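A quick write-up on the structure given underneath.
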Amino acid sequence: MDIFHGSYTTVKVPRIVDGRYTKDFGKGFYCTQLKQQAERWAGKYDTPTVNVYDYEAREDLDILEFKGMTDEWLDFVVACRNGQPHHHDIVIGAMADDQIYNYIADFMRGVINREQFWALAKFKYPTHQIAFCTDAALKSITFKNVYSL
């Protein structure tokens, strides 16, 4: 299956970067099945670049997949954004876009409760992300090509 990574450069050999910002599913190399989403990610850079990889799921990996936005998904995102580590090799699920991110931040600060979060949390368009969280997980993807926007 083809997956995409929006960037500012070609990434033939992905690696896990422990950035200073916490992400939805913790540290990892993030991709998506949605080409348009990767293009939106890449569009934030001066040199928008989309890397294309072949992904083959491996049964020996610990894969956590969220089916839609659920309380479990919200709790996991909050924990990861609070810097709590997890043991999964790969995490798959919806992405908290900029608007949803603000609602999560409000939920984390106690400005809104869980019920209010779900009333507000509506995606403008479908989102999807795959976080490759371990070096073993990165072995399940192979660089195919790259294109610029």
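Quick caveat, the model's predicted, so the values are computed rather than measured. Quick note: numbers below take in every heavy atom, side chains included, and nothing from hydrogens, waters or symmetry partners.
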What verdict does the side chain to side chain contact (heavy atoms under 4.5 Å, CB included) test give for Ile104 and Val77, after you've listed the backbone C-alpha separation in whole Å, the side-chain angles of each residue and the deciding distance to 0.1 Å? CA-CA 8 Å; Ile104 289 174; Val77 169; 3.7 Å; yes
Determine whether more than 12 heavy atoms belonging to other residues, nucleotides or ligands lie under 6.0 Å from atom CD of Gln36.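 Count not over threshold, so no.
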In this structure, are over 12 heavy atoms from other groups packed under 6.0 Å from Tyr8 atom OH?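 At most 12 heavy atoms, drawn from other residues, nucleotides or ligands, come within 6.0 Å of this atom.
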[X] to [Y] - nearest heavy-atom pair and separation:
X      : Y      : value
Leu138 : Arg15  : CD1-CA, 3.7 Å
Met69  : Ala94  : CG-CB, 3.9 Å
Ile100 : Ala121 : CD1-CA, 3.6 Å
His88  : Thr134 : O-CG2, 4.1 Å
Leu61  : Ala137 : CD1-CA, 3.9 Å
Gln33  : His128 : N-ND1, 3.1 Å

Without swapping roles, check the side chain of Arg58 against the backbone of Ala136 for a donor-acceptor pair under 3.5 Å.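 Present.
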Without swapping roles, check the side chain of Gln116 against the backbone of Asn113 for a donor-acceptor pair under 3.5 Å.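 Pair found, side chain donor or acceptor close to backbone of Asn113.
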Using the benzene-type ring in the case of Trp, are the ring centres of His86 and Phe25 under 6.0 Å apart?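 No: the rings miss the under 6.0 Å criterion.
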For this output row, return yes or no: ring centroids of Phe29 and His5 closer than 6.0 angstrom.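 Aromatic pair counts; centres sit under 6.0 Å.
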Who passes side chain to side chain contact (heavy atoms under 4.5 Å, CB included) against Glu72, sequence neighbours left out?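 Counting only residues at least two positions away or on another chain, Glu72 forms a side chain to side chain contact (heavy atoms under 4.5 Å, CB included) with Phe66, Thr70.
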Hey, what do you get for [atom1] ([X]) to [atom2] ([Y]), rounding to the nearest 0.5 Å?
X      : Y      : atom1 : atom2 : value
Leu149 : Arg40  : CG    : CZ    : 12.0 Å
Phe117 : Phe107 : CZ    : CZ    : 8.0 Å
Ile3   : Gln129 : CD1   : CD    : 12.0 Å
Ile92  : Thr32  : CD1   : OG1   : 10.5 Å
Lys139 : Asp89  : NZ    : CG    : 11.0 Å
Tyr30  : Cys133 : OH    : SG    : 6.0 Å

In terms of hydrophobic clusters joined by side-chain contacts under 4.5 Å, are Trp118 and Phe76 together?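 Result: yes, single cluster for both.
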Does Asp75 have any salt bridge (Lys or Arg N to Asp or Glu O under 4.0 Å) partners at least two apart in sequence or in another chain, and if so, which?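 So Asp75 forms a salt bridge (Lys or Arg N to Asp or Glu O under 4.0 Å) with Arg114.
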Could you work out, with salt bridge (Lys or Arg N to Asp or Glu O under 4.0 Å) as the rule, every residue matching Asp135, not counting sequence neighbours?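 Scan of Asp135 (salt bridge (Lys or Arg N to Asp or Glu O under 4.0 Å), adjacent residues dropped) gives none.
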Side chains of Asp24 and Trp73: donor-acceptor distance under 3.5 Å anywhere?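 Short answer, no.
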Stepwise side chain to side chain contact (heavy atoms under 4.5 Å, CB included) check, Cys31 with Phe4: CA-CA 5 Å; Cys31 294; Phe4 307 92; over 6 Å; no
Given Ser140, which of Ile90, Asp60, Ile130 fulfils the side chain to side chain contact (heavy atoms under 4.5 Å, CB included) condition?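 The option that passes is Ile90.
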For Ser7, check side-chain hydrogen bond (donor to acceptor under 3.5 Å, both in side chains) against everything at least two apart and list the hits.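 side-chain hydrogen bond (donor to acceptor under 3.5 Å, both in side chains) list for Ser7, sorted by chain: empty.
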For Thr10, give me all partners under side-chain hydrogen bond (donor to acceptor under 3.5 Å, both in side chains), at least two apart in sequence or on another chain.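 Scan of Thr10 (side-chain hydrogen bond (donor to acceptor under 3.5 Å, both in side chains), adjacent residues dropped) gives none.
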With a 3.5 Å cut-off and sequence neighbours excluded, list the donor-acceptor pairs that the side chains of residues 48-55 form with protein atoms.
{"from": "Thr49", "atom 1": "OG1", "to": "Thr47", "atom 2": "O", "distance (Å)": "2.9"}
{"from": "Asn51", "atom 1": "OD1", "to": "Val11", "atom 2": "N", "distance (Å)": "2.7"}
{"from": "Asn51", "atom 1": "ND2", "to": "Thr9", "atom 2": "O", "distance (Å)": "3.2"}
{"from": "Tyr53", "atom 1": "OH", "to": "Val11", "atom 2": "O", "distance (Å)": "2.5"}
{"from": "Asp54", "atom 1": "OD1", "to": "Met1", "atom 2": "N", "distance (Å)": "3.2"}

Do we get Lys27 above Phe132's six-membered ring, with its NZ or CZ under 6.0 Å from the centre and within 45° of the axis?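 Not satisfied by the 6.0 Å and 45° rule.
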